Number of protein chains: 4
Amino acid sequence: MEKAARRRAILDAALQVFSEHGFAGTKLDEVARRAGIAKGTLYLHFTDKEALFRGLVEENIAPVLADADHVVGLFPGTTRELLDLLIGLLAARILDRPASAIVRLMIAEGPRFPELAAFYHREVVARGLALVRQILQRGLERGEITSDLGVRFPQLVISPAIVAVVWNSMFGAIEPLDARSFLMAHRDLLLRGLGWREN
Amino acid sequence: MEKAARRRAILDAALQVFSEHGFAGTKLDEVARRAGIAKGTLYLHFTDKEALFRGLVEENIAPVLADADHVVGLFPGTTRELLDLLIGLLAARILDRPASAIVRLMIAEGPRFPELAAFYHREVVARGLALVRQILQRGLERGEITSDLGVRFPQLVISPAIVAVVWNSMFGAIEPLDARSFLMAHRDLLLRGLGWREN
Amino acid sequence: MEKAARRRAILDAALQVFSEHGFAGTKLDEVARRAGIAKGTLYLHFTDKEALFRGLVEENIAPVLADADHVVGLFPGTTRELLDLLIGLLAARILDRPASAIVRLMIAEGPRFPELAAFYHREVVARGLALVRQILQRGLERGEITSDLGVRFPQLVISPAIVAVVWNSMFGAIEPLDARSFLMAHRDLLLRGLGWREN
Amino acid sequence: MEKAARRRAILDAALQVFSEHGFAGTKLDEVARRAGIAKGTLYLHFTDKEALFRGLVEENIAPVLADADHVVGLFPGTTRELLDLLIGLLAARILDRPASAIVRLMIAEGPRFPELAAFYHREVVARGLALVRQILQRGLERGEITSDLGVRFPQLVISPAIVAVVWNSMFGAIEPLDARSFLMAHRDLLLRGLGWREN
DNA sequence: AATGAATGAGGATTCATTCAT
DNA sequence: GATGAATGAATCCTCATTCAT
């Protein structure tokens, strides 16, 4: 349908512009220009600037959730294999502009959009952390790891991915961080820290 | 001197308001109001909004650097003790509103202030990471740890602190993260991951 | 086209207001109000206050130049007839509010807009003086006048017209000067001074 | 007295700044700076910006009037000699920055200060024109000139002086006008135009 | 008297939103 | 539906004026 394509073009443009200028700094003129439509047309798709921002975040969540389901689906395998898979996905996502831009936007603007933060927490963060917990819990039960720190603080597993996004957005031009090697190092450190032992 | 106090009041107010609304979203009227001065008075201390923002970041760096020097000064001790010290400081800093607000602001606005990001990188981030490297390098030399992953990716040591700040700013109202326990868990995981062995 | 009419309305209002209050003293709010449009609409036609001022001067030059060409076109006639024609045009222009307001504005604001003054000199003043020189040079060649002072100082021919404008703008309410009689007297004095002799 | 010197310094500075930027464009900060005093001190001498402007014009009139009296005092002489004297004074005045700046200011700002324009008309212009009339009337009575056009339109005698001031303020950088030669040419043209005949 | 820091009304400019075409 | 010209509220910044020292 034509309408859906139009909507997608707007959201793509909005992601770029919000990402470059932040919420308050974004001019809808520029979003419209990049989307190749007239300014007024924006209002046929989104009631106002805030709705556009919310739509942006909400509609970029689907692929993330699909990823998670994918990981869950591949559950057979060692904890190491699952963590590798997870980190591979994170790396893919991090190298992937849209999703990392969304993460950055949520960090930058989250405090000004509490309901959106709650939505993001519920739909993305809580699910992601639950997935991490599942993987590690299973590792404990199988005797592949011995520490429950990861289950208790699943954010520890995710932290380096967040930092890689933030780092490259701020210091990418000065001292870029290779996200893949960084996350590989993290996986090694993490597994050893959790008491990993090949059975 | 009266002038310095006025300046401090302005910076305190600015930290609050920039922190709540971001750079573009901040009204200087509100900064002035919270500082208890007239709008025009702001301009006797800072040439414009951007100078105020820069001043805010720059003048909040001094205490951070003082901390770092302090840690270096206390160098004798095991790697575990030093990491504890470091993490204690991070926790103190994280629980400390001003500094965490600055970190958040830098993450949110950094991409729009490249020179400021460079300044922050040079004065705070690079020094902090150098300190981490020193500590871990010394641990390797003393045989207290065996992995050099921390030396190669010192950001891994810092990541959970950054995430704790970001987490609480976004999800503090929904699911607060106890920064101290979180960082203690991190320290345990990290040390074990690095091959910690009490001599 | 509607757009051109809007632009004309703005320039008309701007001429009034700039003329009454000078450049710095003019409020764009008032220009908009008198043009019957909203403040923001001004900016769809002129990028800023200075562009509006420049546009005002530049677009009021066309009719003046058309007049000058007209005079040149009517060249056959005695020097007296040509001077009469010229003075008639000056009088018409002087009694004509817009042009005299422009002259006043240029005198008042010229020093603060050097490029605009240069433009005005090039497009209006130099051409006007060249026309005066042509007329007088022809008079000398035909033996109708004997002095070359007018050719050497064509500003002498124009001075009373300028003064009439300035006088009436300043003292019009106190002691108005009848521009037509004034310029007629000037013509008589000038011709006699240049050694006029009917052939 | 110290106070009078202070006042003079302020007026000198004010003349410069008003002359460069016009009334609305003048910042009292800059006047104070150039006068070498604090901003607040201005208000010990002039109640407000407008009073300063008025004072400026009013206090620069004395020397002009003194000149005029001087001319009247030297009355014996031919009409040519008196006109020479008058034009010499005008040239001196025109080459003299302060007075020409005042003339320019009155032209530029006069319409916004009607009472000041009236004052200027009464104290300077009317007296100057009366003087011109006296000289020419005497010339007629003595039979040195035959036309009464100058008596009827004394502004014709003054016009080139005004134009010289205006010209050089606007086009001085592009095509400067030598005021002295210009006024000499005017004198010759004028005398001949009035029917001058050496007795 | 002199100072200059402080004030806050005022004005240029921007931009989210509306609406006639 | 789509457009983009028009709107005017909102915000940064300036500067004449005041006043405590």
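Everything quoted here is computed from the prediction, not taken from an experiment. Throughout, protein chains are lettered first and strands after them, A, B, ... in sequence-line order, and every chain is numbered starting at 1.
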- [ ] Tell me which nucleotide among E:dT17, F:dA6, E:dT3 gets nearest to the side chain of A:Tyr43.
- [x] E:dT17
Task: Centroid-centroid distance, B:Phe53 to B:Phe46, less than 6.0 Å - done: no
Task: Check: D:Phe23 ring centre within less than 6.0 Å of D:Phe113 ring centre - done: yes
How many Å lie between [atom1] on [X] and [atom2] on [N], as a whole number?
| X | N | atom1 | atom2 | value |
| --- | --- | --- | --- | --- |
| C:Leu44 | F:dG8 | CG | P | 13 Å |
| C:Asp29 | E:dG10 | CG | P | 12 Å |
| C:Ile37 | F:dT7 | CD1 | P | 7 Å |
| B:Lys49 | F:dT11 | NZ | P | 9 Å |
| C:His21 | E:dG10 | NE2 | P | 15 Å |
| B:Phe46 | F:dT14 | CZ | C1' | 19 Å |
| A:His45 | F:dT3 | NE2 | C1' | 12 Å |
| A:Glu30 | E:dT14 | CD | P | 15 Å |

Open item on the list: Check whether B:Thr26 reaches the backbone of B:Gly22 with its side chain - one donor and one acceptor, N or O, closer than 3.5 Å.
Closed with: yes
Task: N/O donor-acceptor pair under 3.5 Å between D:Arg34 side chain and D:Val17 backbone - done: no
Open item on the list: Considering every strand and a 4.0 Å limit on heavy-atom distances, what is the contact class for B:Leu28: base, sugar-phosphate, or nothing?
Closed with: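 B:Leu28: backbone/sugar contact only, no base atoms under 4.0 Å.
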Open item on the list: Mind checking if B:Thr47 touches a base, just sugar-phosphate, or nothing, with heavy atoms under 4.0 Å?
Closed with: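 Since no nucleic acid heavy atom lies under 4.0 Å of B:Thr47, the category is nothing.
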Task: Watson-Crick or G-U counterpart of F:dA10, or none if no pair lies under 3.5 Å - done: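 Its partner is E:dT13.
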Task: E:dT7 - base-pair partner by Watson-Crick or wobble geometry, distances under 3.5 Å - done: F:dA16
TODO: Tell me which of B:Gly40 and A:Gly25 sits closer to the 5' end of DNA chain E, going by the nucleotide each one is nearest to.
DONE: B:Gly40
Task: 5'-most by nearest nucleotide on DNA chain F - C:Leu42 or B:Glu50 - done: C:Leu42
Task: Contact nearer the 5' end of DNA chain F, comparing B:Lys27 with D:Asp48 - done: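 The residue closer to the strand's 5' end, by nearest nucleotide, is B:Lys27.
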Task: Side-chain-base donor-acceptor pair under 3.5 Å for A:Lys39 and E:dT17 - done: yes
- [ ] Establish, with yes or no, whether the OP1 or OP2 oxygen of E:dA6 is under 4.0 angstrom from a side-chain nitrogen or oxygen of B:Arg6.
- [x]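 For E:dA6, OP1/OP2 do have a side-chain N/O of B:Arg6 under 4.0 Å.
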Task: Spatial distance of atom CZ (B:Arg112) from atom NE2 (A:His21) [nearest 0.5 Å] - done: 8.0 Å
